[in-house]
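We name chains A, B, ... by the order of the sequence lines, and we start the count at 1 in each one. Worth knowing before you read on, the calculation uses all heavy atoms, side chains too, and leaves out hydrogens, waters and symmetry mates.
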2 protein chains.
Amino acid sequence: MNAEPPKKFPPTQAGKTFGKRCPMPEIAQLIGGKWKLIILQVLIFQGTKRFGELKREVEGITQTMLTSQLRALEKDGLVSREIFPEVPPRVEYTATAKALALTDMFHAMHEWWVLQNNEQAS
Amino acid sequence: MNAEPPKKFPPTQAGKTFGKRCPMPEIAQLIGGKWKLIILQVLIFQGTKRFGELKREVEGITQTMLTSQLRALEKDGLVSREIFPEVPPRVEYTATAKALALTDMFHAMHEWWVLQNNEQAS
DNA sequence: GCCAATAGTATCGTTTTCCTGACTAAGTGC
DNA sequence: GCACTTAGTCAGGAAAACGATACTATTGGC
């Protein structure tokens, strides 16, 4: 039903902006996996959060996972971590400028998703 | 060194376009993993390809993987598959409209990548 | 009859990712 | 001294993703 007519189109058209291609494997290292995009989405669109808030926000994630993903994101410069030496401890996570620069990509993804799930809006 | 000053910013600013959030897990099902984005990139920006061409284009992928990823993409309506009953066999793969709608997302990703790897380009 | 070419499939093993549950530190209130 | 809080860590196992190798079908050419 939704099968496209497989019309061949010439390979011109958009090959230039992309040169060959940007290295997907490396991008996947940064933002791939089951949790990273979700965590980033929360931090980018909702602002700074502390560990426990994030855990509640990203539903289904375990402590272990949240910690490890946050450590990876921090190492890659996508989130920053601030420790407040209080008791009980408080640690806040914030999206860095590098992560905020992903905003456009998130919007593009979102638009795509919306478009595909509303198909035919004439 | 490249740690951002962890300035907190208010949670306003962008929460509206996104309502709560678009379901990342489902998006990840469609385009996640090691190969799908690479395959889509080739088909979207270079046009229709046959199996063997694709295998040469996506370097490092095995037959088995390419087949399984293409099957998954086809099932999700992102590529269409056309079989030519010749010998030796010929099968062509084309990005569907649904996949072509991802073009903006690819561009956003690419821009992000370029920006982060050229940091400071004044 | 045998080889070559393309687009697969089948089977198994490895590697990576993810989850579970138990444990820790440090101060506060009782 | 005991429980309670938060933000972790650690060990172990299960599950999913990925990879290597061998095999199939078809037919044209030698």
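- One finds the CD atom of B/Glu92 at 4.0 Å from the CZ atom of B/Phe84 (value rounded to the nearest 0.5 Å).
- Residue A/Lys34 places its side chain closer to C/dC18 than to any other of C/dG8, C/dC18, D/dG19.
- The CD atom of A/Gln69 sits 12 Å away from the C1' atom of C/dC19 (whole-angstrom rounding).
- Using a 4.0 Å heavy-atom distance criterion, A/Thr62 is classed as a base contact.
- Across all strands, A/Lys55 comes closer than 4.0 Å to no nucleic acid atom at all (heavy-atom distances).
- Counting only heavy atoms from C-beta outward, the side chains of B/Glu111 and B/Val114 never approach each other to under 4.5 Å.
- One can place CD1 of A/Ile83 at 10 Å from P of D/dT9, the figure rounded to the nearest angstrom.
- The CD-P distance, from A/Gln29 to D/dA17, rounds to 16 Å in whole Å.
- Summarising the geometry, the separation between CE on B/Met65 and P on C/dT14 is reported as 17 Å, rounded to the nearest angstrom.
- The distance between atom CZ of B/Arg56 and atom C1' of C/dA7, rounded to the nearest whole Å, is 12 Å.
- Position along DNA chain D of the nearest nucleotide to A/Val87 versus A/Arg71 favours A/Val87 as the more 5'-ward residue.
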Between A/Phe45 and A/His107, does a ring pair (Phe, Tyr, Trp, His ring centres under 6.0 Å) hold up when you go through it step by step?
CA-CA 11 Å; A/Phe45 292 99; A/His107 280 120; 5.6 Å; yes
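- B/Arg50 has a side-chain polar atom (N or O) that falls below the 4.0 Å cut-off from OP1 or OP2 of C/dA7.
- Remark on DNA chain D: of its neighbouring residues A/Thr64 and A/Pro88, the 5'-side contact belongs to A/Pro88, judged by nearest-heavy-atom nucleotide.
- Under 3.5 Å, the side chain of A/Thr67 and the base of D/dA7 form no donor-acceptor pair of N or O atoms.
- Following rounding to the nearest Å, B/Tyr93 (OH) and C/dT6 (P) show an atom-to-atom distance of 15 Å.
- Here A/Arg81 reaches the OP1 or OP2 of D/dG8: one of its side-chain N or O atoms lies under 4.0 Å away.
- The nearest whole Å value for the distance from the CD atom in B/Glu86 to the C1' atom in D/dA25 is 16 Å.
- For the pair A/Arg81 and A/Tyr93, the NZ or CZ position fails the cation-pi test of under 6.0 Å to the six-membered ring centre and within 45 degrees of the ring normal.
- Atom pair B/Gln63:CD and C/dT9:P shows a separation of 10 Å (rounding to whole Å applied).
- Using a cut-off of 4.0 Å between Lys/Arg side-chain N and Asp/Glu carboxylate O, A/Glu57 and A/Lys55 are scored as not salt-bridged.
- At a cut-off of 3.5 angstrom, counting only N and O atoms as typed in the model, there is no donor on one side facing an acceptor on the other between the side-chain of B/Ser68 and the base of C/dG8.
- Between C/dA7 and B/Arg90, no contact under 4.0 Å exists linking OP1 or OP2 to a side-chain N or O.
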